[in-house]
Number of protein chains: 2
Amino acid sequence: MDLIILGQWHNLSHHFVRARNKSDILFHRTGINVAKSASKDSPRSIAREVARLILTGVWREGTTLPREIELASRFDVSRASLREALSLLKAKGLIASKQKAGTHVRARFDWNMLDEELLNWTLSALPTQEFAKQILEVRRIVEPEACAICAVRGTDEDFARIERAYRGMDAAGMDRVAYAEPDLQFHRGILIATGNDFLIAFGATVAAALRMSFDLSSTNPGAPRKSLPYHRAVLDEIWARNADGARQAMHKLMDLTEQNIVSAMSRQKKKDAEDENVRTRRTR
Amino acid sequence: MDLIILGQWHNLSHHFVRARNKSDILFHRTGINVAKSASKDSPRSIAREVARLILTGVWREGTTLPREIELASRFDVSRASLREALSLLKAKGLIASKQKAGTHVRARFDWNMLDEELLNWTLSALPTQEFAKQILEVRRIVEPEACAICAVRGTDEDFARIERAYRGMDAAGMDRVAYAEPDLQFHRGILIATGNDFLIAFGATVAAALRMSFDLSSTNPGAPRKSLPYHRAVLDEIWARNADGARQAMHKLMDLTEQNIVSAMSRQKKKDAEDENVRTRRTR
DNA sequence: TAGAAAATATGTCTGACATAATAATTCTTG
DNA sequence: CAAGAATTATTATGTCAGACATATTTTCTA
C-alpha cells in the first residue's frame, strides 16, 4: 500500500483513504502535491502541516485523527514533540482531545482565524481568492472606525509614530520589500493609537492581509507605491483630529487596496492558466 | 525566605521580589491575594495561572520568567506538563522561548486578545471597568456591520437558526441562566450568516462579552429580558433583508447593552465598597 | 438488556542527552 | 598593562525514550 513516513515527504505527494476503521487513515502516493518539508523547528512545522491538512479539508470537522504514537512515527519525531505540536493547535481551537476517545478536529466555528500564525498558514495553504475577499471585508469594517477613534483619542506621540512609518514608506521608493514593513507599522500604529487592546490584537489580521498583498504585488511591483498619497491623506486627517475625514480617507485606502488585490488576482489567475498550458503541452 | 510551592497556594497570598539575578524571582508571603488553586487539568490551569500573572502585570512585558524546572516544581507538576502549559501560552502569543536564553513575556501588541480562552482569563483576572468599555467598543464596530451583511447575504436557513435562538430567549422568560445560551446563539447566528470566517471567529469575543454581561447581571436579574424586544427588532429587519435597518437595530441593541453594563458596574462598585466597609469595621 | 471486565488512547511522570546562546576564561595584541 | 578577540565552559530550552495512570469505549458475560 506504499505507506509513506511523513518525515520523508519532501517533494512527494499524498492522499488519504478510508481504511479498516474511522481513525485508521493511511497516506499513499497520488497526484496531489504537498508542502516542501517539516525539517526544522519540529513542533511548529508539524503544527503547520497538521493545520494545513485540516484547513484544506483533508481532515474535515469532526474527523478523529490518527493516534499520537502513529502521528509521531509518521512525522519522525518523539511523542513529546508531537504533543507539543498538537497543543499549539489546541490553543488555536483547531482540535480537541479526550482521553481514550482520541483527538478530533473541532467545528470550523471554533477555529480562531484571527490568530496570526493560523492566518499565515491559511493563506499559504489555500487558494486566496475567497480568502482575500473575506479578509478585506473585515478590514473595511474595522480599520476606518479604528482610524476615526485614533484621530479623536490618539496622542501626539502616537501620531508621530504613524508619521515615522509614513516617512519610511516614502523613503522606500519603488522598493516593494522595503515598503512592506513601514506599511504594516502605519496601519498597526493607528490601531495602537486607539488604546483598545482588541483593536490592537486585530493588527495580526492586518499583518497577514498585508503579507498577502505583498505576495500578490510581485506581478505589479509599482502598485504599492501608488497607495502612498492615500496614506498621506489618512495621516493628514488624523493630525487634524478629524474623525469623519479620517474614516473616509481610510475607506478610500481600502478601496484602492481592493482594486489592487482584485487586479493582481486576475493577473495571477491568467498566469497560472498559462503555466498550466505550458506544462500540459510539454507533457504531451 | 518563606518560599511557597505554587501547588500549595490555596488561600495563601504572594508577591515577588528581585533576587540575586534577573530571572531569579521568588514568591513569599505578603498581603496580595491569589486565585484559588491549580488542581485539575494541570496544563490548562497552569497556563491560566501563568497568564493571570502576566495579565495582571506581575510578570511584565520583556520579563524573563523562572526556568522550566523551577516553575514545574512550584506548580508541583512534571516538566512535561509545564511545557505543555507554556506551549498553550506560546500559541496565544503571550510568551516566547529561546534555547538557553529562557522564556520571556512578549510585547503586549503580540498577545492575541481575540482568543476566547485568553479573553475569559482576562475578564476573570482583571477589574473589568476598562476591559468592558474596550470590548463593547469593538462589538459596536463589528456587530452592526455584520448584521447588515447578514441581512443581505444570509440564507433563509441562517435566519431560521437565528429565529430559533430568539424563541429560546423568549422561552427562557426571566431565567438569567436559560437566557444566556440562546442569546449567544443569536449573536453568533448573525456572524455565521455573513459567511465570513473572520467575522465568525469574532464570535469568541462576543461569547466572552456576553459571559461578562451575564456575570454582571446577577445584581439586576431582570435586565437581560429587557433586551428581548431589541433582538426582535434586529431579527425583523434581517427577515426583511433591510441592511440599513438591521445595522441600526443592532446599534440600538448595543446601546442598551452598554447601559446595562455601565449601571451594573456602578452597582457592583457600590456593593464592593459596602463590603469593604463592613470588613474594615469588623476587623477594627 | 444490564452490568462487569478488558482494551486502548490520551495524560502524566522520570530521567537522560542534544543543542544553542550566554557567560567566563584565556589568549593575543597595541 | 589594558583592551579586545577567540576559545571554552556553563546552562536553559529542545528532544528523546520508556513507563505507568486514567478515563472512555468496547467487548464479554450473566
Side-chain angles (χ1 to χ4, degrees), chain A residues 5-7 19-26 37-50 59 62-91 93-106, chain B residues 5-7 19-26 37-50 59 62-91 93-106:
Chain A
I5 303 299
L6 245 73
R20 286 168 302 172
N21 62 56
K22 240 197 277 183
S23 66
D24 197 352
I25 298 169
L26 301 172
S37 76
S39 48
K40 294 242 163 107
D41 187 12
S42 17
R44 189 150 263 155
S45 68
I46 290 172
R48 186 194 171 98
E49 177 60 15
V50 173
W59 287 337
T63 306
T64 298
L65 26 98
R67 59 173 115 77
E68 293 179 351
I69 303 172
E70 203 172 321
L71 275 178
S73 84
R74 283 193 197 163
F75 283 107
D76 199 27
V77 293
S78 70
R79 204 179 140 217
S81 290
L82 180 95
R83 276 181 66 82
E84 192 168 332
L86 293 186
S87 98
L88 288 175
L89 297 178
K90 277 179 206 170
L94 263 71
I95 60 174
S97 308
K98 249 175 37 180
Q99 211 155 313
K100 158 71 183 177
T103 305
H104 65 95
V105 179
R106 289 181 69 185
Chain B
I5 303 299
L6 246 76
R20 287 166 301 172
N21 63 56
K22 238 197 280 183
S23 67
D24 197 352
I25 298 168
L26 301 173
S37 76
S39 50
K40 295 241 164 113
D41 187 11
S42 18
R44 189 148 262 156
S45 67
I46 290 172
R48 187 193 171 98
E49 177 60 14
V50 173
W59 287 336
T63 306
T64 299
L65 28 97
R67 57 174 116 77
E68 292 179 351
I69 302 172
E70 204 173 319
L71 276 178
S73 84
R74 282 193 198 162
F75 284 107
D76 198 28
V77 293
S78 69
R79 206 180 137 216
S81 290
L82 180 95
R83 276 181 66 83
E84 192 167 332
L86 293 186
S87 98
L88 286 175
L89 298 177
K90 277 178 205 170
L94 264 71
I95 59 174
S97 311
K98 249 176 33 181
Q99 211 156 312
K100 156 74 182 173
T103 305
H104 65 95
V105 179
R106 291 180 67 185

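In the text below, chain A, chain B and the rest are named by the order of the sequence lines, each starting its count at 1. All values reported here derive from a predicted model rather than from experimental measurement. Excluded from the calculations below are hydrogen atoms, water molecules and symmetry mates; all remaining heavy atoms, backbone and side chain alike, are included.
First and last contacts of DNA chain D with chain A, using any nucleotide atom under 4.0 Å from a protein heavy atom and ordered 5' to 3', fall at D/dT15 to D/dT25.
Contact record, A/Pro43 with A/Ser81: CB-O, 4.0 Å, taken as the closest heavy-atom pair. A/Ala91 and B/Ala91 get closest at one heavy-atom pair: CB-CB, 3.3 Å. Residue A/Thr103 comes nearest to A/Ser97 through the heavy atom pair OG1-OG, 3.0 Å, listed as atom of the first residue, atom of the second, then distance.
Within the helix from C/dT1-D/dA30 to C/dG30-D/dC1, the inter-axis angle between the opening and closing five-pair segments is 0°, rounded to 10°.
In this view, B/Leu82 and B/Ile46, B/Glu68, B/Leu71, B/Ala72, B/Phe75, B/Val77, B/Leu86 satisfy the side chain to side chain contact (heavy atoms under 4.5 Å, CB included) rule, not counting sequence neighbours. For the salt bridge (Lys or Arg N to Asp or Glu O under 4.0 Å) test, residues two or more places apart in sequence or in another chain that qualify with B/Arg106 are B/Asp110. Looking at residues two or more places apart in sequence or on another chain, you find a side chain to side chain contact (heavy atoms under 4.5 Å, CB included) between B/Ala47 and B/Ala85, B/Leu88, B/Leu89, B/Trp121.
A distance of 9.5 Å separates OG of B/Ser78 from CD of B/Glu84, quoted to the nearest 0.5 Å. Rounded to the nearest 0.5 Å, atoms CZ (A/Arg83) and CZ (B/Arg83) are 12.5 Å apart.
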With B for base contact, S for sugar-phosphate-only contact and - for none (protein heavy atoms under 4.0 Å), nucleotides 10-17 of chain C reads BBBBB-B-
